[in-house]
Amino acid sequence: EAIAETATAAASGAAATERFRSKQREDAAATPGAAGTKRVDTLATELITAVHDVIRRHKVTYAEYDALKAWLIQVGLDGEWPLFLDVWIEHVVEEVANEDRDGSKGTIEGPYYVPGSPKLPAEATLPMRDDEGGTPLLFQGRVTSVDGTPLAGAEIEMWHADDDGFYSQYAPGLPEWNLRGTVVADDEGRFGIHTVQPAPYQIPTDGSCGRLISAAGWHAWRPAHLHLKVSAAGHRLVTTQLYFKGGNHVEDDIASAVKPELILAPVPAAGGADGNEVTYDFVLDPR
Ligand code: MBD
Ligand code: FE
């Protein structure tokens, strides 16, 4: 269909690269001074040595070395470094960053988050088109602290692909904030978000990441997923994703970002409403 043909790797890659360059992570400051130099020395030396080990172990040829060089150059030209890194590397960074948390499990952010989505009340419908495809979904729950205290006014930012697997602001023809919103929980930390179930996501096949996938005989799919950032005053923000039980590629996510705690099992909506509903509670770690 038309949208699929125009959602190119180069266009979504350029948008993701631009978005990354303008973002500031909370903990963005690298280790300064002499300790920082030592840290770079250690990490860069070990990474380079790990590559040397692979070359020796597999007797990598000049033809393969040149193929690697050409591919690395092209990843940048395609704007696909955010995609490559978030698909194949980020899950281990997330594992290390959040291993000390007691609250809800997190997982990777991925390349398609946009800050500043429309603020919505505790029960709300995400911005969507009049004829938005996909099974309606009511996603509801409560945000509490680790000790059980409800977190009034907690913010639940949600963003996800549509029923064709496309993200607004990274594929053409979609309204700016389609299927993106920031829901503010009520006085008891409760929220209810009306949306539609997303489709599985296929990594663009026409760019460098797609070429790697086909050259290696891998598949290009992530399971259908909802992205979330949940935050509240005095607590650590959790970045996570939720998946759908039994869905395609829940067992073999190309981005290795599924955890058992993150799999939803929606049921038909109560009271004869269209679609499904599911309850999921978030627990935030105090700072
Ligand atoms: C996605 O939608 C995503 O969430 C990740 C991690 C990588 C590529 C596309
Ligand atoms: Fe995603």
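Positions are given from 1 along the sequence. Counting starts at 1 for both ligands and their atoms, following the listed order.
Linking Ile, Leu, Val, Met, Phe, Trp and Tyr residues whenever their side-chain heavy atoms come within less than 4.5 Å places Leu284 and Tyr280 in a single cluster.
Scanning the protein heavy atoms around atom 3 (C) of ligand 1, the nearest turns out to be Arg222 NH1, 3.5 Å. Of all protein heavy atoms, the one closest to atom 2 (O) of ligand 1 is Tyr167 OH, 2.9 Å. Ranking protein heavy atoms by distance to atom 9 (C) of ligand 1, first place goes to Tyr201 CE2, 3.2 Å. Here the heavy atom of the protein found nearest to atom 8 (C) of ligand 1 is Leu83 CD1, 3.5 Å. When hydrogens are left out, the protein atom nearest atom 6 (C) of ligand 1 is Ile108 CD1, 3.3 Å; that is the closest non-hydrogen contact.
Ion pairing between Asp86 and Arg222 fails under the 4.0 Å rule for side-chain N and carboxylate O. Taking 4.0 Å as the cut-off between side-chain N and carboxylate O, Lys229 and Glu109 count as a salt-bridged pair. Using a cut-off of 4.0 Å between Lys/Arg side-chain N and Asp/Glu carboxylate O, Lys259 and Glu94 are scored as salt-bridged. Between Asp162 and Arg129 there is a salt bridge, since at least one side-chain N of the basic residue sits less than 4.0 Å from a carboxylate O of the acidic one.
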Any chance you could lay out the salt bridge (Lys or Arg N to Asp or Glu O under 4.0 Å) test for Arg180 and Glu157, step after step, and finish with the verdict? CA-CA 8 Å; Arg180 296 176 183 272; Glu157 283 186 85; over 6 Å; no
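Contacts of Glu90 with ligand 1, taken as heavy-atom pairs under 4.0 Å, are absent altogether.
Under a 4.0 Å heavy-atom criterion, Glu109 is not in contact with ligand 1. Using a 4.0 Å heavy-atom cutoff, Pro111 is listed among the residues neighbouring ligand 1.
Close placement of the Tyr167 and Tyr201 rings is indicated, their centers lying within 6.0 Å of each other.
Looking at His160 and Thr195, their side chains do bring a donor and an acceptor atom within 3.5 Å of each other.
Ring geometry for Trp88 against Phe84 counts as tilted: the plane angle lies between 30° and 60°, on a 0 to 90° scale.
Taking distance alone, with nitrogen or oxygen atoms compared against 3.5 Å, His227 approaches ligand 1 more closely than that limit.
Around the Fe ion (ligand 2), the angle linking His225 (NE2) with Tyr167 (OH) is 80°, rounded to 10 degrees.
Between the Fe ion (ligand 2) and the N, O or S atoms of His227, the shortest distance is to NE2.
Residue side and main chain included, Gln241 places no N/O/S atom under 2.8 Å of the Fe ion (ligand 2).
Each of the following atoms of ligand 1 lies closer than 4.0 Å to a heavy atom of Val87: 7 (C), 8 (C).
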